Amino acid sequence: MHEQQTVRLQTEVDTHASRTHTCGELSEGHVEHHVILKGWVDTRRDLGGVIFIDLRDRFGLTQIVFSPQDNQAAYNKAENLRSEDVISVKGTVRLRSNDTINPKLPTGKVEVRIEDVLVLNTANALPFSVSSHEEKRNLANEELRLTYRYLDLRRPELLEKLVLRHKVYQATRNVFVKHGFMEVETPVLMKSTPEGARDFLVPSRVHAGQFYALPQSPQTYKQILMIAGFDRYFQIVKCFRDEDLRADRQPEFTQVDVEISFANEETVYNITEDLLATLWKEILDIELPLPFPRMTYQEAITKYGSDKPDLRFGLEIHDLSHAFEGSGFRVFDNVLASGGKIVGINVPGQGDRGRGAMDRLDKDVVRKRIGAGGLVYFKLPSDGSETYSSVKAEVLPASAVEKAVEAIGAKQGDLVLVLAGKDHQVHEQMGALRLHMAKDLNLIPQGNQGPWSFLWVTDFPLLEWDEDSQRYYAMHHPFTSPHPDDMESMFDNPGATRARGYDIVLNGHEIGGGSIRIHNRDIQSQMFKLLDIDEEEAERRFGFLLKAFDYGAPPHGGIAMGLDRIVMLMGGTENIRDVIAFPKTQSAQELMVQSPDIVDDHQLNDLHIRVEMPPEE
RNA sequence: GGUCCGGUAGUUAAGUUGGUUAUAACGCCGGCCUGUCACGCCGGAGGCCGCGGGUUCGAGUCCCGUCCGGACCGCCA
């Protein structure tokens with residue numbers, strides 16, 4: 001092995017006074033001031049007789065200059081300084097000559113000539129580069145960056161996101177305090193609620209065989225607080241769901257949790273809109289037009305095939321069933337006969353796509369990824385030649401194709417994509433295809449320069465039918481109030497009952513959701529009945545809440561917002577890990593501390609737990 | 001549980017139809033350089049091509065398995 005010859009500097013005790021300035025604040029006004037700066041060596045430029053170092057802390061960069069004329073000892077030390085060494089320097093602020101001003105740095109009009117330097121700590125050669133100057137260089141892969149998260153967090157780009165997050169906490173608290181809300185902490189060790197996501201469980205030492213659960217949300221506690229008369233509650237709170245991860249989903253995440261007494265939907269919408277408008281105004285200096293637009297769940301599914309539609313681009317879904325009635329095309333006829341729908345989107349400017357591209361779209365996207373039966377498409381070539389149908393005219397008459405093309409409003413040069421299937425399902429599939437096409441054609445703006453497409457999605461269904469278990473599940477949760485106009489349908493047509501539930505959507509991401517709750521014992525009983533929860537089970541699982549309802553529960557409702565997602569979108573990233581200091585990988589591991597991990601047997605014994613490993617295949 | 005993409009010096013990438021000594025840039029080490037600012041110039045070191053197996057005279061390259069990372073589906077009241 002070749003030994004590295006570097007002479008590492010001896011580290012020194014910091015005998016300097018506290019820093020007088022950060023590395024981001026010196027300017028012309030400080031010229032001739034004696035200053036003390038402390039920070040990390042970002043880049044070092046050794047010109048032989050003079051050494052420049054960009055000193056970095058979280059506030060910025062300042063160029064410091066070592067020259068034998070200023071101080072020989074300091075210059076000698078500077079010769080051996082390396083990236084990320086931590087130093088304290090004493091020196092004098094000097095104006096840079098006109099030709100040496102660095103317009104890229106806020107501190108670029110000045111520099112500090114160093115009279116004394118202390119090496120507070122040295123740094124090994126880094127596994128990847130973290131310099132403030134590295135923005136244009138290729139980023140190390142995320143696995144490595146997560147393993148050395150403390151280095152990754154030194155990068156201004158990531159630091160910026162966490163500063164943004166900090167500002168969101170502060171502004172959020174201010175908004176709620178302004179509106180008379182009270183911040184209350186609820187337990188992190190609570191009770192498992194089998195419905196919904198999988199719980200993270202915490203074994204009890206004192207109660208053998210029993211478990212706490214980490215909250216999926218403080219739902220029941222916040223309702224109890226309303227019954228306690230707290231009137232308006234909020235909390236910035238960690239929540240936990242043991243489900244598989246996504247780009248915008250972590251197993252532990254932060255909610256802005258809100259509950260309001262004597263509230264209706266408008267109360268919740270107003271507060272939420274004020275919060276979001278304030279965040280955007282104070283932090284991004286962007287004025288959001290209020291109120292946010294609203295759309296019913298039904299419309300969102302019908303027009304966009306999603307309960308969180310991204311309205312920043314068109315490609316709306318059209319129902320083409322009528323155009324294909326009696327077309328004689330067996331596939332379509334069968335779908336229509338069984339009550340299904342034929343839906344399409346018009347993709348402008350794509351009418352000249354090649355056969356190969358369309359085949360791949362059908363095979364790889366429509367069938368494989370989206371899981372639809374197959375794609376039918378019509379191309380309207382840009383040269384004005386005859387419409388091309390993917391289904392031969394002998395099978396699907398040209399007249400039907402013309403009707404559909406007209407119904408959807410396709411013009412020369414456009415491409416019409418058509419799917420057929422079960423009503424709700426085919427809309428969702430087309431929604432997925434719509435998103436795919438938008439991404440493929442770069443119709444979705446990136447970054448945080450807007451547009452900001454906020455949307456309330458309202459009138460969610462109360463219940464969701466599960467084919468596997470042949471029963472209803474609560475779409476939101478079992479305490480969501482049915483829509484006042486749908487009280488009867490709760491008894492005669494449960495599946496069609498709308499709820500007083502709503503989501504707030506931003507640019508196609510669900511950033512919050514909530515409901516007006518049930519505070520009437522009879523309606524709650526009927527809800528449990530629909531959910532196939534008998535009295536005994538209701539008592540066991542929610543007895544405390546039902547009992548509380550009997551002691552004077554005010555009407556109430558609320559919302560919970562996903563703080564991580566809000567910060568993510570404000571920060572212009574699509575990666576939730578970028579706004580969490582210590583996030584987990586897709587397989588739910590934290591690579592720096594290497595969690596989860598095995599524990600000692602005595603710990604397991606204390607908890608009355610025996611581990612049985614899954615059989616190895 | 002499934003589909004897809006990726007894994008090659010410290011880092012980011014290239015690597016042809018399977019063929020001699022696996023390239024480049026940055027970083028690192030040594031030297032030179034008194035106004036740089038992603039300083040520059042000269043030189044050098046640095047590789048279990050993720051791991052295991054197979055095919056082949058020969059594998060970074062082809063096949064199978066596996067691990068890790070990522071995107072997505074399922075899942076996420």
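Below, chains carry the letters A, B, ... as their sequence lines are ordered, and counting in each starts from 1. Heavy-atom basis, side chains included; hydrogens, waters and symmetry copies ignored. Source: prediction; values computed, not measured.
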Between atom CG in A:Leu139 and atom P in B:rC26, what is the gap in whole Å? 19 Å
Below 6.0 angstrom between ring centroids: does that apply to A:His519 and A:His556? no
Please check if atom CZ in A:Arg471 has more than 12 non-hydrogen atoms from other residues, nucleotides or ligands closer than 6.0 Å. yes
Roughly how many Å is it from CZ in A:Phe128 to C1' in B:rU11, rounded to a whole number? 10 Å
Has A:Asp42 got a side-chain atom pairing as donor or acceptor with A:Arg56's backbone, closer than 3.5 angstrom? no
Would you please confirm or rule out a distance under 4.0 Å between OP1 or OP2 of B:rA38 and any side-chain N or O of A:Lys104? yes
If we take the P atom in both B:rG60 and B:rC49, what is their distance in whole Å? 8 Å
Starting at atom CZ of A:Phe52, determine the distance to atom C1' of B:rU34, rounded to an integer number of angstrom. 8 Å
What interatomic distance, in whole Å, is found between P of B:rG31 and the corresponding atom of B:rU36? 24 Å
Centroid-centroid distance, A:Tyr75 to A:Phe66, less than 6.0 Å: no
Considering only atom P, compute the distance from B:rU20 to B:rC39 and round it to an integer number of Å. 38 Å
B:rA25 to B:rC57 separation - P atoms, rounded to the nearest Å: 38 Å
What is the separation between atom CG on A:Asp152 and atom P on B:rU11, rounded to the nearest whole Å? 14 Å
So, does the side chain of A:Arg241 form a donor-acceptor pair with the base of B:rC75 at under 3.5 Å? no
Run the salt-bridge test on A:Arg517 and A:Glu259 with the 4.0 Å N-O cut-off and return the result as yes or no. yes
Given B:rU36, B:rU11, B:rC76, identify the nucleotide with an atom nearest to the side chain of A:Gln63. B:rU36
Using heavy atoms to find the nearest nucleotide of RNA chain B for A:Arg113 and A:Asp466 separately, return the residue whose nucleotide is more 5′. A:Arg113
Partners passing side chain to side chain contact (heavy atoms under 4.5 Å, CB included) against A:Leu47 (at least two apart in sequence or in another chain): A:Arg45, A:Val50, A:Phe52
Using a strict threshold of under 4.0 Å (side-chain N to carboxylate O), is an ion pair present between A:Glu243 and A:Arg249? no
Re B:rG44: Watson-Crick or G-U wobble partner, both distances kept under 3.5 Å, found to be B:rC28
Under 4.0 Å between a side-chain N/O of A:Arg45 and OP1 or OP2 of B:rU36, yes or no? no
Pairwise P distance for B:rA22 and B:rG46, with rounding to whole Å: 13 Å
Looking at A:Asp244 and A:Arg246, is any side-chain nitrogen of the basic one under 4.0 Å from a carboxylate oxygen of the acidic one? no
Sidechain N-carboxylate O distance under 4.0 Å for A:Lys308, A:Asp503: no
Nearest to side-chain heavy atoms of A:Ala140, which nucleotide of B:rC29, B:rU11, B:rU36: B:rU11
Round to the nearest Å and state the distance from A:Arg44 atom CZ to B:rG35 atom C1'. 16 Å
Identify whether any heavy atom of A:Glu464 sits under 4.0 Å from a base atom; if not, whether one sits that close to sugar-phosphate; answer base, sugar-phosphate or nothing. nothing
Taking for A:Arg96 and for A:Pro478 the nucleotide of RNA chain B with the nearest heavy atom, the one nearer the 5' end belongs to A:Arg96
Once you round it to whole Å, what is the distance between P of B:rC75 and CZ of A:Phe253? 18 Å
Does a side-chain N or O of A:Ser97 approach OP1 or OP2 of B:rG35 to a distance below 4.0 Å, or not? no
With rounding to the closest Å, how many angstrom separate the P atoms on B:rC75 and B:rC68? 24 Å
Within the 6.0 Å centroid threshold, strictly below: A:Phe542 and A:Phe528: yes
Dump every N/O contact between nucleotides 31-33 of chain B and the protein below 3.5 Å, one line per pair.
unit_1, atom_1, unit_2, atom_2, d
B:rC33, O2, A:Leu47, O, 3.4
B:rC33, N3, A:Asp46, O, 3.1
B:rC33, N3, A:Gly48, N, 3.3

Re B:rU36: Watson-Crick or G-U wobble partner, both distances kept under 3.5 Å, found to be none
Rounded to the Å, how far apart are A:Met475 CE and B:rC76 P? 11 Å
Integer angstrom distance from the C1' of B:rA14 to that of B:rU61: 13 Å
Find the distance between CZ (A:Arg577) and CZ (A:Arg145) and round it off to the nearest 0.5 Å. 9.0 Å
If the threshold is 4.0 Å, N to carboxylate O, is there a salt bridge linking A:Asp578 and A:Lys161? no
May I ask which nucleotide in the shown strands pairs with B:rC4, Watson-Crick or G-U wobble, both distances under 3.5 Å? B:rG70
Under a 4.0 Å heavy-atom criterion, the protein footprint on nucleotides 68-74 of chain B, written with B, S and -, is SSBBSBB
Could you state the atom-to-atom distance from CG of A:Leu126 to C1' of B:rC29 in whole Å? 15 Å
What distance, rounded to whole Å, do you find between the two C1' atoms, one in B:rC26 and one in B:rA45? 16 Å
